[in-house]
Amino acid sequence: MKLSAESIKNTAAWADVGARLPQYDVTTVGENTRSAPAWIHFGAGNIFRGFIAALSQSLLDQGLTDRGIIAADTFDYDIIDRIYAPYDNLTLLVSLLPDGSTEKTVIASVAEGIKVDFADPDAAARLREIFCSPSLQMVSFTITEKGYALKGLQGEYFPYVTQDLEHGPAAPTHAMSVIAALLYARYQAGKYPISLVSMDNCSHNGEKLQDSVLTVAQEWAERGLVEKDYLAWLTDERQVAFPWTMIDKITPRPAEAITKMLTDAGIEDMAPIVTSRSTFIAPFVNAEVPQYLVVEDKFPNGRPPLEKAGVYFTDRDTVNNVERMKVTTCLNPLHTALAVYGCLLGYTSIAAEMNDVQLHRLVERIGYDEGMPVVVDPGILSPRAFIDEVVQCRLPNPFIPDAPQRIACDTSQKVGIRFGETIKSYAAAGRANELTYIPLALAGWCRYLLGLDDELQPMELNPDPMLPTLCPMLGDVVIGGDFDAHAVLSPILSNPVIFGSDLYKVGLGEKIEAMFRDLTAGAGAVRRTLVKYLGE
């Protein structure tokens with residue numbers, strides 16, 4: 001039995017393997033979506049397939065809409081060619097319950113998978129057709145924080161962005177240039193209103209998306225490559241809105257045990273693949289059950305009734321407070337601390353790390369002791385209940401096959417938000433020097449960048465756009481020997497692009513240097529340092 005549009009017509013066979021099937025006519029929904037699209041999403045990976053597409057399916061199952069969603073990928077075209085197309089855009093969602101049981105659901109709400117490749121005339125034409133449709137209400141994104149970045153560490157445009165700015169909207173390559181070009185097509189087609197919704201896991205995500213799109217558009221306008229009135233339309237929130245959101249659901253890389261379970265059940269071709277862009281992905285998504293999506297309710301062309309699928313709609317201040325609660329206190333900083341120290345100590349499971357006395361204490365100290373005193377209660381979700389669920393249930397869940405190596409990706413793009421915001425709160429009160437465990441996490445990240453684990457064995461660093469810049473800065477470090485920690489670390493710790501502030505000016509630079517010296521004292525120094533600060 002294969003996962004396909006034809007196969008799911010055999011309802012008895014899928015019932016035998018315990019899978020819930022779509023409760024609507026998949027063919028009709030696909031036709032409706034393609035002919036009059038309401039929602040297109042950029043970023044076709046696991047968080048989309050296992051959460052956002054499932055929200056769309058919930059509305060379809062309830063009969064609250066007759067259209068699904070279109071998936072587009074800007075980064076890894078193999079996902080479309082090898083995961084979407086062969087399975088008729090279907091996904092098998094495997095929800096991992098804390099007792100070790102699973103729930104299986106066939107997600108069929110994705111009507112179309114598109115490669116965002118303007119070098120392909122057919123793909124470019126189809127994307128423009130979608131954006132020129134008056135029916136389009138929402139464009140959403142999960143392209144990660146780096147997908148919005150236009151400039152490097154020194155504030156210069158990336159070379160490919162410079163090319164886009166010079167060439168205009170005809171053949172863009174960067175995701176933000178693509179969106180600016182497609183919005184220009186919509187403007188020219190009739191100035192139809194639209195909402196662009198970042199669902200990426202970063203602070204002020206709507207603002208980041210808006211700033212990047214406007215930067216591209218302004219550069220084009222200054223060069224005479226677009227009409228001047230395009231900017232007026234693009235900056236009118238009654239026409240083009242950029243709502244802020246907070247998203248939370250752990251969708252780890254596909255687990256071998258789940259592959260075996262599905263194969264043993266008679267479902268064919270479930271094995272994961274590694275794409276040419278090093279994405280590890282499978283026809284199924286394994287994910288935890290808890291999930292949260294909070295959205296600023298700003299949709300000038302209307303929206304699907306996603307509140308009926310469990311989405312919270314509210315105002316910007318509340319979204320900001322929920323997002324700040326989660327990203328800067330209750331989950332993300334804990335994840336990042338576990339990621340860097342887990343890699344250094346040889347762990348391959350986040351859940352296993354939570355059985356480590358020092359690491360468990362570290363996340364409790366970062367979250368409860370240092371984060372909670374400055375977190376703002378958003379009202380619609382309780383910070384205390386949220387972090388309790390994270391520390392007591394979600395992170396320790398042994399059936400969530402999440403790895404520190406996955407979380408460690410792109411850490412340079414994350415630390416400024418996940419730790420920097422709490423640091424700013426303490427600094428504003430003149431109390432930053434009271435922090436201990438957040439500096440310990442940052443010192444651990446600097447130690448991670450050396451590419452050697454605690455036994456001084458080579459350790460592969462996970463993808464991060466800043467590695468070519470940061471790693472050479474640590475070239476003079478001699479583990480177990482003498483080196484000038486200030487000379488090595490000061491260019492990194494003083495950089496507000498990375499941390500959101502100069503860590504020396506707020507009073508933490510020297511503390512992190514001292515911790516880094518402890519962490520580099522020799523083999524086993526990472527563990528000894530954790531014991532020093534967190535006890536036996």
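Start at 1 with the first residue, then count along the sequence.
Between the S95 side chain and the V289 main chain, no donor and acceptor come within less than 3.5 Å of each other. A side-chain donor-acceptor contact under 3.5 Å links T245 to the backbone of S198. Using a distance-only test at 3.5 Å, with no hydrogens or angles considered, a donor-acceptor pair links the side chain of K511 to the main chain of L435. A donor-acceptor pair under 3.5 Å is formed between the side chain of N321 and the backbone N or O of D317. Under a 3.5 Å cut-off, the side chain of S109 and the backbone N or O of A53 do form a donor-acceptor pair. Between the side chain of D164 and the backbone N or O of T173, at least one donor-acceptor pair lies under 3.5 Å. Listed for the N433 side chain is no donor-acceptor partner under 3.5 Å among the backbone atoms of G507. With H360 contributing its side chain and M354 its backbone, the two residues share a donor-acceptor pair below 3.5 Å. With E207 contributing its side chain and W244 its backbone, the two residues share no donor-acceptor pair below 3.5 Å. A donor-acceptor distance shorter than 3.5 angstrom exists from the side chain of D200 to the backbone of T144, with no hydrogens or angles considered.
When side chains are defined from C-beta on, L519 does not count as touching L344, because their heavy atoms never get closer than 4.5 Å. In this structure, the side chains of K326 and N201 come closer than 4.5 Å at one or more pairs of heavy atoms. C202 is listed as a side-chain neighbour of N205, based on a closest heavy-atom distance under 4.5 Å. Residues E296 and N320 are not in side-chain contact: their nearest non-hydrogen atoms beyond the backbone lie 4.5 Å or more apart. Proximity of I52 to I247: side-chain heavy atoms (C-beta onward) are separated by under 4.5 Å at one or more points. In this structure, the side chains of I400 and R394 stay at 4.5 Å or more apart for every pair of heavy atoms. Side-chain contact check for T74 versus V178: every heavy-atom pair is 4.5 Å or farther apart. Taking 4.5 Å as the limit, every side-chain heavy atom of I281 sits out of range of all side-chain heavy atoms of D76.
Enclosure of atom CZ in R253 is not indicated, since only 12 or fewer non-hydrogen atoms of other residues, nucleotides or ligands lie within 6.0 angstrom. The neighbour count for D476 CG, taken as heavy atoms of other residues, nucleotides or ligands under 6.0 Å away, does not exceed 12. Remark: E460 CD is loosely packed, at most 12 non-hydrogen atoms of other residues, nucleotides or ligands lying under 6.0 Å away.
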Next item on the list: For Y448 and N462, run side chain to side chain donor-acceptor pair (under 3.5 Å): C-alpha distance rounded to whole Å, both residues' side-chain angles, the deciding distance at 0.1 Å, then the answer.
Entry: CA-CA 10 Å; Y448 162 88; N462 301 93; 3.1 Å; yes
Check: Going through the checks in order, is the side chain to side chain contact (heavy atoms under 4.5 Å, CB included) test met by I179 and S212?
Finding: CA-CA 10 Å; I179 298 305; S212 294; over 6 Å; no
Item checked: Worked verdict on T436 versus E370 for side chain to side chain contact (heavy atoms under 4.5 Å, CB included) -> CA-CA 8 Å; T436 296; E370 296 186 340; 3.9 Å; yes
Margin query: Does I250 form a side chain to side chain contact (heavy atoms under 4.5 Å, CB included) with R406? I'd like the steps, not just the answer.
Written below: CA-CA 11 Å; I250 298 174; R406 181 185 79 89; 4.1 Å; yes
Next item on the list: Apply the test side chain to side chain contact (heavy atoms under 4.5 Å, CB included) to residues M466 and D410: give CA-CA distance (whole Å), side-chain angles for both, the deciding distance (0.1 Å), then the verdict.
Entry: CA-CA 8 Å; M466 292 298 298; D410 303 325; over 6 Å; no
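In this structure, CG in D453 is found 7.5 Å from CZ in R447, a value given to the nearest 0.5 Å. Here CD of E364 is found 12.5 Å from CE of M372. Values are rounded to the nearest 0.5 Å. Once rounded to the nearest 0.5 Å, the distance linking CZ of R361 with OH of Y437 reads 10.0 Å. Atoms CZ and NZ, on F242 and K298 in that order, are 11.0 Å from each other to the nearest 0.5 Å. Interatomic distance, NE2 of H174 versus CG of L150, reported as 5.0 Å (0.5 Å rounding). Annotation: the span from T411 atom OG1 to F419 atom CZ amounts to 9.0 Å, rounded to 0.5 Å.
Aromatic ring orientation, F42 versus F141: parallel (interplanar angle below 30°, classes split at 30° and 60°). Between F499 and W445, the ring-plane angle classifies as perpendicular under the 30° and 60° cut-offs.
Applying the side-chain contact (heavy atoms from CB on, under 4.5 Å) rule to P254 yields the partners N46, P272, F280, A282, F284, N286; only residues at least two apart in sequence or on another chain are considered. The ring-ring contact (aromatic ring centres under 6.0 Å, His included) test applied to H335 returns no partner, not counting sequence neighbours. Among residues two or more places apart in sequence or in another chain, the side-chain hydrogen bond (donor to acceptor under 3.5 Å, both in side chains) test is passed with R527 by D356, Q358.
Side-chain atoms of Y504 and E513 include a donor-acceptor pair closer than 3.5 Å.
Smallest separation of non-hydrogen atoms from E145 and K414: OE1-CG, 3.4 Å. When all heavy atoms are compared, the tightest approach of P396 to V390 is CD-O, 3.7 Å. The shortest heavy-atom contact between Y347 and Q405 is O-NE2, 3.0 Å. For I350 against A403, the heavy-atom pair with the smallest separation is CG1-C, 4.0 Å. Residues I366 and A441 come closest through the heavy atom pair CD1-CB, 4.1 Å. Nearest heavy atoms, A175 versus I143: CB-CD1, 4.3 Å.
Of the residues listed (S195, S140, S56), the one engaging W39 in a side chain to side chain donor-acceptor pair (under 3.5 Å) is S140, and it is the only one. Of the candidates F51, Y312, F386, Y292 forms a ring pair (Phe, Tyr, Trp, His ring centres under 6.0 Å) with just one, namely F386. Screening V110, I83, I79, L93 against R49 for a side chain to side chain contact (heavy atoms under 4.5 Å, CB included) leaves a single residue, I83.
A cation-pi contact, defined as under 6.0 Å to the ring centre and within 45° of the axis, is absent between R365 and Y533.
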